[in-house]
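Numbers here simply count residues along the sequence, with the first being 1.
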Amino acid sequence: MKIDRTTAIVLVGAATGSVAALVLSLAAISAATYDPPVGQERPKITDWMQAWGSIGGVIAGLAAAGAAAFLLLHERQRAAEAERQLAEERAEAALNVPRAVVVSPAGFGGHGHPGDQYIDEVVLTIANYGGNAIRNVATVAALPDDGPRIVLRRIPVIGPGGEQRIRERSRPAVPLPPGPWTLPEVPATVTVCFIDHTNQAWQTSNDGEISRTTVPYPAIEEALKFGAATSS
C-alpha cells in the first residue's frame, strides 16, 4: 500500500493527538483513583498531567522521529521511482531511432545448381524512416548454416526519410553453403550498423533484432568483403 506525503502528515498528526488525549486521560484517571499515604497531600491534576506528560513527550518524540524517518524513506523511494521511470522513457525514446531503420531481405544473383551454387551479386534496400540522419552505415549479409558473412560497401549518410538501394557484384563469386535453397532467394540475415544523431552506434537486422554496438562494428569483423579475392 502506497502512502503519499499528505496522508503521512495526517497520520502523524492523528498519532500526536492520540498521545495528547492519552496523557490527559491517564492524568484524570490517576488523579481520581490515587489514594495518597496518610499525612501526604493528594497530588493535583496538574501534577499528574506533568508526570504523564513527560512520558507522553518521550512517546511523542519517538513517534515524531519514526515519522520523520518514514517520510525521508518515502521521499527517497519516490525520487528513485521517478528517476527509474525517466530512464525507461529515455531508453524507449532512444530506440525510436533504430526502429526507424529498416532493411529489406537480400536478393542474390549467381550461378550453379543446387548443392554447388555461387553468389556474385547482392541486392537490398536500406530505408531511414526517422527524423534524423544516420551515418557510417555498414551492411553485412550472413549466409545460412554458418556460411560466409558478406560485407557490402559503406554508405556515408542516409538522410531522414531517405532510402538507399545497394546492388553490388563480386568476382570471383562467393560459394553458397549447400542446403535446401536456390538463388535468388536465400534465407540470409542482413544486419545494418550505423551511428545516430547522438553519436550512439546501433545494429538492426531484417529479423527485427535491435541492439547497441560499438565502433568499429563487431558485427562486420572477420567478414568477407564483397568483391575481394576469394577462393571458389
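- Rounding to the nearest 0.5 Å gives a distance of 4.5 Å between CD1 of Ile210 and OG1 of Thr204.
- Atoms OG and CG, on Ser170 and Leu224 in that order, are 7.0 Å from each other to the nearest 0.5 Å.
- Between Pro178 and Pro114, the closest side-chain pair of non-hydrogen atoms is not below 4.5 Å.
- The hydrophobic cluster containing Phe226 does not contain Val140, counting ILVMFWY residues as joined when their side-chain heavy atoms lie under 4.5 angstrom apart, directly or transitively.
- With hydrogens and angles disregarded, no donor-acceptor distance shorter than 3.5 Å links the side chain of Gln203 to the backbone of Pro218.
- Across every non-hydrogen atom of Arg153 and Glu168, the tightest pair is N-OE1, 3.0 Å.
- Separation of atoms CG (Asp120) and CZ (Arg169) is listed at 4.5 Å; rounding is to 0.5 Å.
- For Pro177 against Pro148, the heavy-atom pair with the smallest separation is CG-CD, 4.1 Å.
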Evaluate the side-chain contact (heavy atoms from CB on, under 4.5 Å) criterion for residues Ile119 and His111: first the C-alpha distance (whole Å), next the side-chain angles of each, then the deciding distance (0.1 Å), finally the verdict. CA-CA 7 Å; Ile119 295 173; His111 57 276; over 6 Å; no
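- Distance alone, capped at 3.5 Å, is enough to place a donor-acceptor pair between the Asn206 side chain and the Val190 backbone.
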Report the C-alpha separation of Glu121 and Val123 in whole Å, then their side-chain angles, then the decisive distance to 0.1 Å, and conclude whether the side-chain contact (heavy atoms from CB on, under 4.5 Å) test is met. CA-CA 7 Å; Glu121 183 180 58; Val123 180; 4.2 Å; yes
Step-by-step side-chain contact (heavy atoms from CB on, under 4.5 Å) determination, Val151 to Thr139: CA-CA 6 Å; Val151 177; Thr139 308; over 6 Å; no
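- The backbone N or O of Gly147 lies less than 3.5 Å from no partner atom in the side chain of Asp145, so there is not a single donor-acceptor pair.
- More than 12 heavy atoms of other shown residues, nucleotides or ligands fall within 6.0 angstrom of atom CG in Asp116.
- Interatomic distance, CD1 of Ile166 versus CD1 of Ile126, reported as 4.0 Å (0.5 Å rounding).
- Across all non-hydrogen atoms, the minimal contact from Leu183 to Gly109 is CD1-C, 4.2 Å.
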Derivation of the side-chain contact (heavy atoms from CB on, under 4.5 Å) call for Ile134 and Ile195: CA-CA 6 Å; Ile134 59 174; Ile195 301 173; over 6 Å; no
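- Leu152 and Val102 sit in two unconnected hydrophobic clusters of ILVMFWY residues. Membership requires side-chain heavy atoms under 4.5 Å apart, directly or through other members.
- Listed for the Arg149 side chain is a donor-acceptor partner under 3.5 Å among the backbone atoms of Ala219.
- By the 4.5 Å heavy-atom criterion applied to side chains, Val186 and Pro144 are counted as neighbours.
- Contact check for Trp202 versus Ser211: no side-chain heavy atoms found under the 4.5 Å cut-off.
- Annotation: the span from Ile220 atom CD1 to Arg154 atom CZ amounts to 4.0 Å, rounded to 0.5 Å.
- Taking all atoms of both residues into account, the shortest heavy-atom contact from Thr213 to Gln200 is O-NE2, 3.7 Å.
- Residues Phe194 and Val103 are members of one and the same hydrophobic cluster, defined by side-chain heavy-atom contacts under 4.5 angstrom among Ile, Leu, Val, Met, Phe, Trp and Tyr.
- Counting only heavy atoms from C-beta outward, the side chains of Thr182 and Gln117 approach each other to under 4.5 Å.
- No donor-acceptor pair under 3.5 Å is formed between the side chain of Asn128 and the backbone N or O of Val101.
- Here the CG atom belonging to Asn136 is positioned 3.5 Å from the OH atom belonging to Tyr217, to the nearest 0.5 angstrom.
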